[in-house]
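Excluded from the calculations below are hydrogen atoms, water molecules and symmetry mates; all remaining heavy atoms, backbone and side chain alike, are included.
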There are 2 protein chains.
Amino acid sequence: MRRGYARGARCRSPVRPGHWEVRARVERFVEPALLLLLRERPMHGYELIERIPEVAGEDVRVDVGNLYRILRALEEEGIVSSEWSADLPGPAKRTYELTEAGSRLLDRWAEALREAQRVVAGFLRRYEQGGR
Amino acid sequence: MRRGYARGARCRSPVRPGHWEVRARVERFVEPALLLLLRERPMHGYELIERIPEVAGEDVRVDVGNLYRILRALEEEGIVSSEWSADLPGPAKRTYELTEAGSRLLDRWAEALREAQRVVAGFLRRYEQGGR
DNA sequence: GTCTTACATATGTCTTTTACACTTAGAGGT
DNA sequence: ACCTCTAAGTGTAAAAGACATATGTAAGAC
């Protein structure tokens, strides 16, 4: 093999050529955000959607469809439990609650996020040393 | 629609049932890591692979294949430039260098990462308020 | 009364990002 | 000749995220 590469360039959504979208988000951050909100008190999915920006940043646009899928995956793993709340007025709501396992998972997320903070802080220190 | 959901549960790779892998990594973090290393001095791909853990965390396992793809995508967008270094001993090496546009992109990454730090810090404060 | 809007929960599908597996090739050692 | 290390790449699948649309309740507008 030698010289010159082939087709199949990775697409990185340059808005305009030479202008990449830079975001710097934590992978799967909605997940710990859900756990944190649910630790404070049980709520239903729609309320979680409205409150997620509080904990995950004001600019995040949570995908509603994926959020419900995540909630169900969490329930299958015993991280949250849910039931239909027939009592509440309005359309049928499924109210979610954090389990003990969920609380422990949140703890692990918090630890992982602290580690991520250390890594990013190290990056930024090294960035600033280099100067402009 | 009412009651009970369907097939198609999202897969979240639970290592053991009830034990999710928690990682908390920044999306596409290798990209700014490459830019930072290349700002310090030009180097070839293989050297970048060895040095990435320095700036992106010791545990990150960079995928070698993807790294070369990213480098080419960066070059197509004028973020880095490269050429074969016939002079150096050993197998053919392509040496990468950061362009002016690349330096500006790194600046934008740094700003985005600072913002991410703020968001995560806010999350952790709220987490600690709740106690255990 | 039916029309529109807001609430609430979902599914389908496509793209982007990441992970895993493999190939090619030069240079040096044994 | 054969093996290992360095160096650069391709192929492909899985995971994560984005975008579009469907379904049903309830309240208020006209």
CD of B:Glu75 versus P of D:dA8: gap in Å, rounded? 12 Å
Any N/O donor-acceptor pair, A:Asn66 side-chain to D:dA16 base, under 3.5 Å: no
Between the side-chain atoms of B:Arg94 and the base atoms of D:dG9, is any donor-acceptor pair under 3.5 Å? no
Check the distance between D:dA8's C1' and B:Glu50's CD and give it to me in whole angstrom. 14 Å
Taking all heavy atoms of B:Gly130 and all of A:Arg39, pick out the closest pair and write down the distance. CA-NH2, 3.4 Å
Whole-Å distance separating the CZ atom of A:Arg69 from the C1' atom of C:dT11: 7 Å
Side-chain N or O of B:Tyr46 versus OP1/OP2 of D:dA8: is the shortest distance under 4.0 Å? no
Mapping A:Gly45 and A:Glu27 to their closest nucleotides on DNA chain C, which lands nearer the 5' end? A:Gly45
Note: for A:Asp63 and A:Tyr68 on DNA chain C, the residue whose nearest nucleotide lies more 5' is A:Tyr68
Should A:Arg28 be listed as having a side-chain N or O under 4.0 Å from OP1 or OP2 of D:dA15? no
I'd like to know whether CD of B:Glu40 has more than 12 heavy-atom contacts from other residues, nucleotides or ligands below 6.0 angstrom. yes
Between C:dC7 (C1') and A:Leu48 (CG): distance, integer Å: 15 Å
Between C:dT11 and A:Arg72, is there an OP1 or OP2 to side-chain N/O distance shorter than 4.0 Å? yes
Whole angstrom value for the distance that separates P of C:dT17 from CD1 of B:Ile70: 9 Å
B:His44 has a side chain; which of C:dA19, D:dA8, D:dG24 sits nearest to it? D:dA8
Non-neighbouring partners of B:Glu27 that pass side-chain hydrogen bond (donor to acceptor under 3.5 Å, both in side chains), sequence neighbours left out: A:Arg25
In whole Å, I'd like the distance from the CH2 atom of A:Trp84 to the P atom of D:dT25. 11 Å
Donor/acceptor link under 3.5 angstrom from A:Arg23 side chain onto base of D:dG17: no
NA contact type, B:Val64, heavy-atom cut-off 4.0 Å: base, sugar-phosphate, or nothing? nothing
Only residue of A:Leu37, A:Thr95, A:Leu98 satisfying side chain to side chain contact (heavy atoms under 4.5 Å, CB included) with A:Pro42 is A:Thr95
Could you tell me how far apart B:Glu31 (CD) and C:dT16 (P) are, to the nearest whole angstrom? 14 Å
Does B:Arg25 have a side-chain nitrogen or oxygen under 4.0 Å from the phosphate oxygens OP1 or OP2 of D:dA15? no
Pairs under 3.5 angstrom only: tabulate donor-acceptor contacts from the side chains of residues 45-52 of chain A to other protein residues two or more places apart or in another chain.
residue: A:Glu47; atom: OE2; partner: A:Arg41; partner atom: NH1; Å: 3.3
residue: A:Glu47; atom: OE2; partner: A:Arg41; partner atom: NH2; Å: 2.5
residue: A:Glu47; atom: OE2; partner: A:Arg51; partner atom: NE; Å: 3.4
residue: A:Arg51; atom: NH1; partner: A:Glu54; partner atom: OE2; Å: 3.1

Atom-pair distance (CG on A:Leu67; P on C:dA8), nearest Å: 14 Å
Among D:dT25, C:dT9, D:dA16, which nucleotide has an atom closest to any side-chain atom of A:Lys93? C:dT9
